[in-house]
Every structure is written in structure tokens, then in C-alpha cells.
There are 2 protein chains.
Amino acid sequence: MENTRRRGAALEADLLDAAWTELQAVGYARLTMEGVAARARTGKQVLYRRWANRAELVVAALRHRQGGSMADQVPDTGSLREDVLAVLRQMAERQRDIGQDVVHGVLAEIGEPRVEVFEIMREVMTTVLERAAARGEIPTADVPPRIMTLPTDLVRNEIVMRSEPLTEATLTEIVDEIFLPLVRRG
Amino acid sequence: MENTRRRGAALEADLLDAAWTELQAVGYARLTMEGVAARARTGKQVLYRRWANRAELVVAALRHRQGGSMADQVPDTGSLREDVLAVLRQMAERQRDIGQDVVHGVLAEIGEPRVEVFEIMREVMTTVLERAAARGEIPTADVPPRIMTLPTDLVRNEIVMRSEPLTEATLTEIVDEIFLPLVRRG
DNA sequence: CTCCCTAAGAGACGGAACGTCTCTCAAGGC
DNA sequence: GCCTTGAGAGACGTTCCGTCTCTTAGGGAG
């Protein structure tokens, strides 16, 4: 028998891992606090002591799973086109990892971390554009905000609305047919 | 005492009205089959005989509430810009009417009426562009599909992600800064 | 080293809503 | 006027919620 009792950060990491595993096993809709507690071999109270409800737990589990924010590693390939594509690929990858039902579930039950998502992508694109302007690829980094976040907005739309995973073709279409033409003639 | 027993279409309309009223009263998250049944002064079985679950009932109630599809009345103002703006205003209006939590709830619990939404908007935009081409406003109606649904995709993204209702400024920005420049130079 | 406070672990609990079922009796077709 | 259908009503077992209580292990304070 396991006779050691987990505590503090070690326990918390176990709980978040259990939540993530449960998420993969049964999906967001069927994820229950009881299920997570059972998987972590503990009681519900231990969960409720840390997170007020399912949504908070799941958000914490997602954050725990994928380390830092996307703003921490902005792609820098030396080409605007490749940088933007890299950003979009990162988003697509996260979608694949997380799964659509989780996205919808969190969207439905969460109050407001959506603004945060917007802000992060705007930061990332700002950096990408500033570098492109510094290289002389585009005349100025002073692109209208709506155009700046156009690629990430479109990808987000695909993630939320489409059931199939994003294809590379979709990403290049967004960049080559829509984004680049608009910024090139700023 | 009410001694008449409702039947068929009349009853169904009452049920859908009750579902809609309940939706407005308590929101999607708190809507229950029992609540709707009570409001319609009937039993749960009457609901389950027609719809398998909450999501189906709510979708039916939404459809019942707002008559036909948007494809039935495509705006025809004589100007491409105004037509597109009219389409986007219709979407914004529906958002205001329906409410964001309902959008998220349905998105989370529904299997696949999302493709349908895509198709309808693509039809609408096809008509709008064909008329514009016939008037000579644009060289050809043969616009790449992704550009065609660009305005509606962006508005949908705003509806799903932003909590505040869409402003007129946002709509004109989408049309004037993004959509028109892209279609004008075919 | 020992005491003691905090929180882990375990489960009982009342409540809400689910979806199924059973039963009676009105309505409307034949 | 008979008979099939399904409306109306509520009981039922189940699942999960979020709260609570109780015992006991861990680890810091002295």
C-alpha cells in the first residue's frame, strides 16, 4: 500500500495531470470532479480546495500541460510569411492537442479569459510585424489592428467552427491570399 | 381549470415558445427540460417525445423563433458595400437576440449543424457577389471561397469570442479595410 | 525530538436534473 | 360511438454536484 501522503506542489501537479488524462479519456462533456479525483486517487475536497469548479480545473490543467504562453516563443525565421505560418501552425497544433469539445466546453463555461487570448495573439503578431518592418520586408509595422490579427482570427474561427483539423493548405491560403496582399500595400 | 388538451402543431408551437422564454429567463446553462415543461404546463415526456435532449430542443426553438434562413432574404440594395453590410448587420442582430451563452452552449452540445451555417453564408455571399458583378461593380463574381466568406467568418469570430455586442464601426472596418480591397482587385 | 496545526484522504449527505417508466383519460379519426 | 393515439402528471433510479465531517499523516515551530 501507498503510505506516503502527497502534498503541496507535487500533489497539485498530480491533480492537473489526472485532469488532463481524464480529459483525453472521456472528453470535456463527460469529465466529472469525481472522475478526476478517483483518477488522482484522492477525494473531491482536495480538488475543491484549489478550484471552484470544473471549468477552472480544466483551464488550470490546460495551462499546466502546455507550459508557457505563445508570446514567449515568437517565431523568428527571417521571413514574414514563414513567421506568420509558424504562428498559425502553433495554433493548429494546440487545437489538435486539446480537442474541439474541450474548446467549446471551456468557451461555454468560462467567464472571460477570451480577451486574454486576443491580447496574446496581438502581441505575437506585433512582434512578427515589427521584425518584418526592421528587415525592410514591409514599409511599416503600423498595420491596422484588425488586419494584424486577421490570420489568427481566421484560424480561430476554423478551430471553433470546423470539426476536421486544420490543413496546411488552409493556413497558406490565409497567409498568401489574404494577409500578405493586405499588408504589402499598407 | 383548463380543460382542453393541446395537440399536434399547436402544442409544438407552445413548447418551442416556452423553451424560448425559458432561455431568455434563465439562460442556456440553467435551462432544464423540467423548467421548460413546467413553463409549458405539461410533462417532460411530451418534450422527450419530440427532441432527444436539451440541445435539440433549443436549436428547434431558435429556428422556430426566427422564421426562415438568412438565404431567403438576401439584401439587394444596389451596392456591394451596402449589401455586405446588411448581411453582417443581420448576423449582429441575431447575436443580440440570441445571446452569447446560448451560442456557446449550442456549440458545445451540438454534433454538426455548424457546416450548415457555413453553407448558408456562402450561398448568401455568392448571390451578393453575382449581383455586384452583373452591375459591373466588380470584374467577376468568381472570388476565391475564402475571400467570399471572409466578412461573415470575421463577424462570427467576433460573436463567439467577444462579450460585447458588435458595433457598426467593427462592421464597416471589416468591409472597407479588408473585404472590398481584396475583391476590387480580383 | 516532540507537539500541534494544517490539509490529505475518504466517504456520507441533500439537492438538482437527467432520462425512463407507468398510468389515466381527452381528442379526433373512422 | 368506438378506439387508437398521445397529452398530462408524476414516480423512479441514477449521476453528479458542492458541502460537510472525521480521522490521520506530514512537517514546521519550539
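The figures that follow rest on heavy atoms only: side chains count, while hydrogens, waters and symmetry mates do not. Since this is a predicted model, take the numbers as computed values, not measurements. We name chains A, B, ... by the order of the sequence lines, and we start the count at 1 in each one.
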Charged N-O contact under 4.0 Å between E119(B) and R122(B):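 R122(B) and E119(B): salt-bridged.
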Residues E177(A) and R146(B) bridged, charged N to O under 4.0 Å: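 No salt bridge links E177(A) with R146(B).
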Return the value, rounded to whole Å, for the distance between atom [atom1] of [X] and atom [atom2] of [N].
{"X": "Y48(B)", "N": "dT22(C)", "atom1": "OH", "atom2": "P", "result": "17 Å"}
{"X": "L47(A)", "N": "dC17(D)", "atom1": "CG", "atom2": "C1'", "result": "13 Å"}
{"X": "N53(A)", "N": "dC16(D)", "atom1": "CG", "atom2": "P", "result": "17 Å"}

Cation-pi geometry met for R54(A) and Y28(A) (6.0 Å, 45°):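 Cation-pi check for R54(A) and Y28(A): passes.
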side-chain contact (heavy atoms from CB on, under 4.5 Å) against D142(A), all qualifying residues, sequence neighbours excluded: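 D142(A): side-chain contact (heavy atoms from CB on, under 4.5 Å) contacts with T140(A).
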Minimal non-hydrogen separation, Q66(A) against D97(A), with atom names: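 What the structure gives for the nearest pair is OE1-OD2, 4.2 Å.
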Contact state string [nucleotides 4-17 of chain C, B base, S sugar-phosphate only, - no protein heavy atom under 4.0 Å]: --BBBSB------B
